[in-house]
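Written below as structure tokens is the structure these notes are about.
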There are 2 protein chains.
Amino acid sequence: MPSSDRVRDHAGQGATTVAAHRARRRLRADQARQLADLLRHQLLASGFPDGTLPHETTLAADYRATRNTVREALDLLRAEGLVERLPGVGTVVVAEKYPHGLDRLMGLAETLREHGRVTNEVRTMGPASAPAPVAERLHVPPGSDVLYIERLRRLDGLPLSLDLTYIPLDIGTALLGADLENTDVFRLLEAITGRPLGHAEITLEAVNADTHSAAVLEAPRGAAVLMLERLTHLDDGRPVDLEFIRFRGDRITMSGLLHRSL
Amino acid sequence: MPSSDRVRDHAGQGATTVAAHRARRRLRADQARQLADLLRHQLLASGFPDGTLPHETTLAADYRATRNTVREALDLLRAEGLVERLPGVGTVVVAEKYPHGLDRLMGLAETLREHGRVTNEVRTMGPASAPAPVAERLHVPPGSDVLYIERLRRLDGLPLSLDLTYIPLDIGTALLGADLENTDVFRLLEAITGRPLGHAEITLEAVNADTHSAAVLEAPRGAAVLMLERLTHLDDGRPVDLEFIRFRGDRITMSGLLHRSL
């Protein structure tokens with residue numbers, strides 16, 4: 001056999017080994033993700049009541065996975081800030097995600113009532129000239145003033161969301177003296193107008209937080225943020241509240257029920 | 001004045017200048033975010049039909065913002081991969097986000113029919129022993145086999161989502177010979193069982209993609225992912241499909257309508 005063939009042959013074997021090695025790594029990564037998703041569900045559903053996950057060997061047996069797969073799955077959950085490994089204790093749940101309903105239009109304090117106290121740090125508040133897209137959606141003349149509010153919202157002191165809010169000024173002026181620190185805007189809108197809210201169009205996205213938003217939310221740079229855009233109407237159909245809300249991805253889940261037929 | 005006082009005084013002025021500088025920077029960052037959110041809405045609503053944003057000076061006039069704020073806002077949208085600056089052309093829209101309805105239970109191909117063709121790369125498919133939490137939710141005996149499917153879903157060739165699916169084996173076996181590459185699982189479930197789907201419990205989260213998921217989705221490491229967990233039932237209430245879906249955050253939005261009273 002000429003030496004060049006031997007070399008090629010050798011390279012071929014090397015390639016096979018590399019391919020097999022890659023396939024094994026890919027398989028383990030896939031299995032780790034699969035296991036992490038199941039554990040994530042249990043975490044979020046408070047399925048570990050004492051706050052500690054079972055030992056790796058127990059998890060491996062329960063989920064018919066290898067110890068390596070279990071370790072990788074726990075690494076994924078740790079990277080998301082959901083669990084931590086404590087020496088001598090094991091893997092403990094460190095982050096709680098709070099459920100926000102997708103079935104009914106509710107303010108944050110209403111939604112999270114059982115979970116703690118919502119407080120709002122008003123960062124900016126005052127009349128501002130409405131840019132065309134805001135004016136159009138709030139049904140006010142372009143360039144007329146609207147009330148602009150920027151709030152950092154906390155649950156028991158932990159930053160949850162950064163909310164940018166636009167409200168028509170006839171309703172907004174009454175908000176200027178209200179207790180925005182401790183009250184949902186939804187509740188205040190109903191009190192001011194004397195009407196219940198009706199419906200809201202919402203859009204949800206996952207985005208990486210820009211540096212400044214991350215800093216305000218006390219989250220790592222680039223942290224995943226659940227972005228909610230919401231245009232809320234009174235029960236007579238009038239649009240009264242346009243909001244852009246950045247929820248910390250590690251602190252909020254949105255849950256609801258979908259039906260096949262309407 | 002003793003020199004130590006002069007020094008203190010001088011330091012105090014420095015601190016004031018730094019504080020004022022910080023306040024200005026914070027204000028501009030806040031205004032940039034505010035503007036970016038408005039432009040994002042227009043982008044997603046195809047409000048720039050020719051795919052080009054107005055010139056910076058026009059945006060500055062329209063939104064009563066400074067050129068610096070406009071530039072920072074465009075930088076935020078560029079960091080998210082929504083726009084790019086082309087020399088001699090201006091700022092162009094480069095990413096389209098596809099709307100996924102939150103109002104009705106639909107498969108991906110059904111939902112995105114107007115936007116393009118959905119194809120599915122089946123990465124893994126076969127019977128697997130159901131871990132306890134899967135068995136419980138699918139109402140099958142723990143440890144019994146379920147069909148496990150892992151699919152990378154694309155719209156016109158672009159990766160959209162990575163889906164992990166568990167289906168009870170009595171229904172799942174009929175799926176083994178089906179055209180999963182080109183057909184939604186929802187449609188196949190209805191064909192196999194001869195019943196319509198009824199409802200689904202869903203949970204949405206924003207998470208940073210782990211390295212491996214990001215690679216599969218061809219997204220940057222740490223990219224924001226919209227994570228959907230969904231348990232779908234037939235119209236008789238039987239749970240038939242448990243899914244964990246990672247949507248690329250830069251390609252999907254979820255939209256719906258919420259009502260104040262149920």
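Protein chains get the first letters and strands the later ones, always in sequence-line order, with residue 1 at the start of each. Reckoned from all heavy atoms, side chains included, excluding hydrogens, waters and symmetry mates.
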Options [options], ranked by heavy-atom pairs under 4.5 Å with chain B, top entry:
{"options": "R230(A), E229(A), R248(A), E80(A)", "answer": "E229(A)"}
{"options": "A128(A), A223(A), A79(A), G81(A)", "answer": "A223(A)"}
{"options": "H199(A), R123(A), R64(A)", "answer": "R123(A)"}
{"options": "V216(A), D75(A), L102(A), T124(A)", "answer": "L102(A)"}
{"options": "T253(A), I202(A), L242(A), L226(A)", "answer": "I202(A)"}

Most chain A-contacting option - heavy-atom pairs closer than 4.5 Å, from [options]:
{"options": "G143(B), A215(B), S129(B), A45(B)", "result": "S129(B)"}
{"options": "P133(B), G101(B), G249(B), A209(B)", "result": "P133(B)"}
{"options": "H233(B), R33(B), M106(B), K97(B)", "result": "R33(B)"}
{"options": "L39(B), L164(B), D62(B), I252(B)", "result": "L164(B)"}
{"options": "L38(B), D210(B), L162(B)", "result": "L38(B)"}

Atom CZ of R221(B): over 12 foreign heavy atoms under 6.0 Å
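Counting neighbours around CZ of R221(B), 12 or fewer heavy atoms of other residues, nucleotides or ligands fall under 6.0 Å, so no.
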Return yes when atom CZ of R187(B) has more than 12 non-hydrogen atoms of other residues, nucleotides or ligands closer than 6.0 Å, and no otherwise.
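No, the 6.0 Å shell around CZ holds no more than 12 heavy atoms from other groups.
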Check whether [X] gets within reach of chain B through its side chain, its backbone, both or neither, counting any heavy atom under 4.5 Å.
{"X": "E150(A)", "result": "side chain"}
{"X": "L197(A)", "result": "both"}
{"X": "L44(A)", "result": "side chain"}
{"X": "T211(A)", "result": "neither"}

Taking side chain as everything from C-beta outward and backbone as N, CA, C, O, which of these in [X] sits under 4.5 Å from a heavy atom of chain A? Side chain, backbone, both or neither.
{"X": "L35(B)", "result": "neither"}
{"X": "V207(B)", "result": "both"}
{"X": "L257(B)", "result": "both"}
{"X": "E110(B)", "result": "side chain"}
{"X": "E201(B)", "result": "both"}
{"X": "D30(B)", "result": "both"}
{"X": "P196(B)", "result": "neither"}
{"X": "H41(B)", "result": "both"}
{"X": "T232(B)", "result": "neither"}
{"X": "E190(B)", "result": "side chain"}
{"X": "L76(B)", "result": "side chain"}

Steps toward side chain to side chain contact (heavy atoms under 4.5 Å, CB included) verdict (D184(B), L189(B)):
CA-CA 9 Å; D184(B) 282 345; L189(B) 289 174; over 6 Å; no
Distance alone, cut at 3.5 Å: any donor-acceptor contact between the side chains of S161(A) and D163(A)?
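On atom types as modelled, these side chains qualify, holding a pair under 3.5 Å.
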Decide side chain to side chain contact (heavy atoms under 4.5 Å, CB included) for L105(B) and F186(B); before the verdict, give the C-alpha distance in whole Å, the side-chain angles of both, and the deciding distance to 0.1 Å.
CA-CA 9 Å; L105(B) 182 58; F186(B) 276 4; 3.6 Å; yes
When rounded to the nearest 0.5 angstrom, what is the spacing between CD in E205(A) and CZ in R246(A)?
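So the gap between those two atoms works out to 9.5 Å.
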Report the distance from atom CG of N208(A) to atom OG of S213(A), rounding to the nearest 0.5 Å.
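Going from CG on N208(A) over to OG on S213(A), the span is 11.5 Å.
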So do the side chains of V240(A) and I167(A) get within less than 4.5 Å of each other, counting heavy atoms only?
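No; the side chains remain at least 4.5 Å from each other.
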Decide yes or no for I245(A) and R153(A): does some side-chain heavy atom of the first lie under 4.5 Å from some side-chain heavy atom of the second?
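I245(A) vs R153(A): side chains apart.
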Test item: R104(B) side-chain N/O and R260(A) main-chain N/O as donor-acceptor pair under 3.5 Å
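Confirmed, R104(B) side chain pairs with R260(A) backbone.
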Without swapping roles, check the side chain of R251(B) against the backbone of P159(B) for a donor-acceptor pair under 3.5 Å.
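Yes, because the side chain of R251(B) sits within donor-acceptor range (under 3.5 Å) of the backbone of P159(B).
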Would you sort out whether Y148(B) and Q34(A) count as a side chain to side chain contact (heavy atoms under 4.5 Å, CB included), showing the intermediate values?
CA-CA 10 Å; Y148(B) 176 71; Q34(A) 193 183 343; 3.3 Å; yes
For R238(A) and T193(A), run side chain to side chain contact (heavy atoms under 4.5 Å, CB included): C-alpha distance rounded to whole Å, both residues' side-chain angles, the deciding distance at 0.1 Å, then the answer.
CA-CA 11 Å; R238(A) 183 185 171 197; T193(A) 63; over 6 Å; no
Please report the shortest heavy-atom distance between Y166(A) and L138(A), naming the atom on each side.
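Heavy-atom minimum between the residues: O-CD1, 3.7 Å.
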So F247(A) and H100(A), would you call those rings parallel, tilted or perpendicular, with 30° and 60° as cut-offs?
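The rings of F247(A) and H100(A) stand perpendicular, inter-plane angle above 60°.
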